Amino acid sequence: MLRPETISTLSLRTTSLDQLQRGQTALARAQAEQTSGRLYDVGLALASGVARNLDWHGELARIEALATRNELAAVQAGVAQDAMEGIRKLTQSLMTTLAGSGNAATGRAVAQGQAEAAWGSLVELLGASQNGQHIFAGINSAEAPLSAYAGGTGEAAVAASFQAAFGMTQTDAATGTITGSQLDSYLGGAFASLFDHPSWQANWSTASDDTQTVRVGDRQQISIAVSANAEGFRAVAEGIAMVMDLGRGPLNDAAFKTLTSRAMARLTQGMDAITAEQARVGLAQQTLSETGDRLLVRRDYLTRAITNSEGVDQTEVAVRINTLMTQLEAGYAVTSRLSRLSLLNYLD
């Protein structure tokens, strides 16, 4: 016996609308996956594997931070190397001039003038900065470590020292009476002490002895910075100051020869010490490069692992989107027809 069934237009319309809503949600998620290239709900898709992926993401973020710091440190090391090479070259040039200064009529004036220019270059090179941080200033990186000679505390300290030693100024005509041995004693004693600690920091440099270190790995830290207080820079500054300041007076030939000999010795010592600093920074650069290569390998591995587990097949997603859009269009058509149904349609 046949039983009459209840036909509800509202029920048909509600069912159709529910299907449309589910289709729209699925389409929105598929389109989001197509845009991002990543699963819409990673946690739902990976289930218990999501904890592993969270660890991967954390490790990748740590590696990215290390790589960024190392890249900045490598740039800073390169700037430091360039500056030190510039100081080496100006020192070598001044030594060449000093070597021939006693044989030319204007040799002294040329040497003294070149020394003045060398001090200006030394100030500029030691003031090298990266991202607003002065590389040779140690942890006091906001301020350039060395300043102009004229009018500075260093110039005043030299003047006071010379006055105390000889009872005259550096340009006094009486400086011609200073013997070579007297000047040698002064240069190796009172004058040299002006460029030793703590007089160097008091009169010349605002740099800190402490330099910043860079963590290049989980347990490894290196220093790529060089303080302007290092022996090499102090020696070069001392040699330049000898010629620039004390060479202004009418020294006799024996005294000027002593001055030249002392200056060249200190400049040579400075060059040797700076070369050693360049070698140290060079080793740090090599470490940064090797560490960067290892980080790059690890980063690529993690990126591939994350992409393989969380990524989507763009072709499959495109097919899914087309299918969903077709289904939705059909659903819209059915819903439209249902909305126009009435009791008369059923009676007919």
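Since the model is a prediction, treat every value here as computed from it, not as a measurement.
Side-chain atoms of S161 do not come within 3.5 Å of backbone N or O of A157 as any donor-acceptor pair. Remark: the backbone N or O of K89 is not paired with any side-chain donor or acceptor of S93 at under 3.5 angstrom. A donor-acceptor pair is defined here as one N or O able to donate and one able to accept, closer than 3.5 Å; such a pair exists between the side chain of Q81 and the backbone of Q278. Here the side chain of N252 pairs a donor or acceptor atom with the backbone of G176 at under 3.5 angstrom. Panel note: side chain W204, backbone L194; a donor-acceptor pair is recorded below 3.5 Å. One N or O on the side chain of R234 and one on the backbone of F195 form a donor-acceptor pair closer than 3.5 Å. One N or O on the side chain of T179 and one on the backbone of Q182 form a donor-acceptor pair closer than 3.5 Å. When atom types are taken as modelled, the side chain of N140 and the backbone of T206 share a donor-acceptor pair closer than 3.5 angstrom. A donor-acceptor pair under 3.5 Å is absent between the side-chain atoms of N131 and the main chain of Q133, judged by distance alone. S205 places no side-chain N or O within donor-acceptor distance of the main-chain N or O of Q201, the cut-off being under 3.5 Å.
Considering every non-hydrogen atom in both A77 and Q285, the closest pair reads CB-CG, 3.6 Å. Nearest heavy atoms, R299 versus A67: NH1-CB, 4.5 Å. The minimum heavy-atom distance linking I240 with A118 is given by the pair CD1-CB, 3.9 Å. Residues T97 and A111 approach most closely at CG2-CA, 3.9 Å, considering heavy atoms. Scanning all heavy atoms of the two residues, the minimum distance from L126 to A228 falls at CD1-CB, 4.2 Å. Nearest heavy atoms, W119 versus A237: CZ3-O, 3.5 Å.
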Working for side-chain contact (heavy atoms from CB on, under 4.5 Å), residues D209 and H197: CA-CA 11 Å; D209 289 339; H197 297 298; 3.9 Å; yes
Test side-chain contact (heavy atoms from CB on, under 4.5 Å) applied to T258 and L251, step by step: CA-CA 10 Å; T258 297; L251 296 172; over 6 Å; no
M84 and V281: CA distance, side-chain angles, deciding distance, side-chain contact (heavy atoms from CB on, under 4.5 Å) verdict: CA-CA 10 Å; M84 287 190 287; V281 174; 4.0 Å; yes
Candidate pair M95 and T268, rule side-chain contact (heavy atoms from CB on, under 4.5 Å), full reasoning: CA-CA 8 Å; M95 289 177 62; T268 299; 3.0 Å; yes
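Among H57, E59, E64, the single residue meeting the side-chain contact (heavy atoms from CB on, under 4.5 Å) criterion with L302 is E59.
Note on V110 and F256: separate hydrophobic clusters, where clusters join Ile, Leu, Val, Met, Phe, Trp and Tyr whose side-chain heavy atoms are under 4.5 Å apart, directly or indirectly. Hydrophobic clustering of Ile, Leu, Val, Met, Phe, Trp and Tyr side chains at less than 4.5 Å, counting indirect connections, unites V79 with L122. In the hydrophobic clustering of this structure, F191 groups with F166; members are Ile, Leu, Val, Met, Phe, Trp, Tyr whose side-chain heavy atoms approach within less than 4.5 Å, directly or through other members. Residues L72 and I222 do not share a hydrophobic cluster, clusters being chains of Ile/Leu/Val/Met/Phe/Trp/Tyr side chains in contact below 4.5 Å. Follow the hydrophobic side-chain contacts under 4.5 Å out from I139 and you never reach I135; the two are in separate clusters.
D172 contributes atom CG, which lies 8.5 Å from atom OG1 of T177 (distance to the nearest 0.5 angstrom). To the nearest 0.5 Å, atom CG of residue D272 and atom CZ of residue R88 are 8.5 Å apart. One distance of note links OG1 of T169 with CD of Q163; it measures 7.0 Å at 0.5 Å rounding. Atom OG of S141 is separated from atom CD of Q76 by 8.5 Å, given to the nearest 0.5 angstrom. In this structure, R298 CZ and D300 CG are separated by 11.5 Å, a value rounded to the nearest 0.5 Å. The CG atom of L295 sits 10.0 Å away from atom OG1 of T68, with the distance rounded to the nearest 0.5 Å.
Scored by the side chain to side chain donor-acceptor pair (under 3.5 Å) test, E124 finds no partners at all (sequence neighbours excluded). Residues satisfying the side chain to side chain donor-acceptor pair (under 3.5 Å) test with D184, not counting sequence neighbours, are R262. Residues forming a side chain to side chain donor-acceptor pair (under 3.5 Å) with T211 (at least two apart in sequence, or on another chain): S223. For E71, there are no side chain to side chain donor-acceptor pair (under 3.5 Å) partners, not counting sequence neighbours.
In this structure, V236 and L94 have side chains that are not in contact, with every pair of non-hydrogen atoms separated by 4.5 Å or more. Within the 4.5 Å cutoff, the side chain of E143 has no heavy atoms near those of the H134 side chain. Taking 4.5 Å as the limit, some side-chain heavy atom of L246 sits within range of a side-chain heavy atom of L187. Within the 4.5 Å cutoff, the side chain of Q112 has heavy atoms near those of the E116 side chain. Looking at D253 and R108, their side chains come closer than 4.5 Å, going by heavy atoms from C-beta outward. Q170 is not listed as a side-chain neighbour of T175, based on a closest heavy-atom distance of 4.5 Å or more. For the pair M244 and Q114, the minimum side-chain heavy-atom distance is 4.5 Å or more. Contact annotation: the side chain of T291 never approaches that of L66 to less than 4.5 Å [non-hydrogen atoms, C-beta and beyond].
For residues 221-255, the ring-ring contact (aromatic ring centres under 6.0 Å, His included) pairs, not counting sequence neighbours, are F136-F233.
Side chains of Q286 and S289: a donor-acceptor N/O pair is absent below 3.5 angstrom, by distance only.
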Atom pairs and distances, side-chain donor-acceptor, residues 144-154, under 3.5 Å, sequence neighbours left out:
| unit_1 | atom_1 | unit_2 | atom_2 | d |
| --- | --- | --- | --- | --- |
| Y149 | OH | D245 | OD2 | 2.5 |
| T153 | OG1 | N203 | O | 2.6 |

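Look at R266 and E231 and you find a salt bridge, because one of the NZ, NE, NH1 or NH2 atoms lies within 4.0 Å of a carboxylate O, short of that distance.
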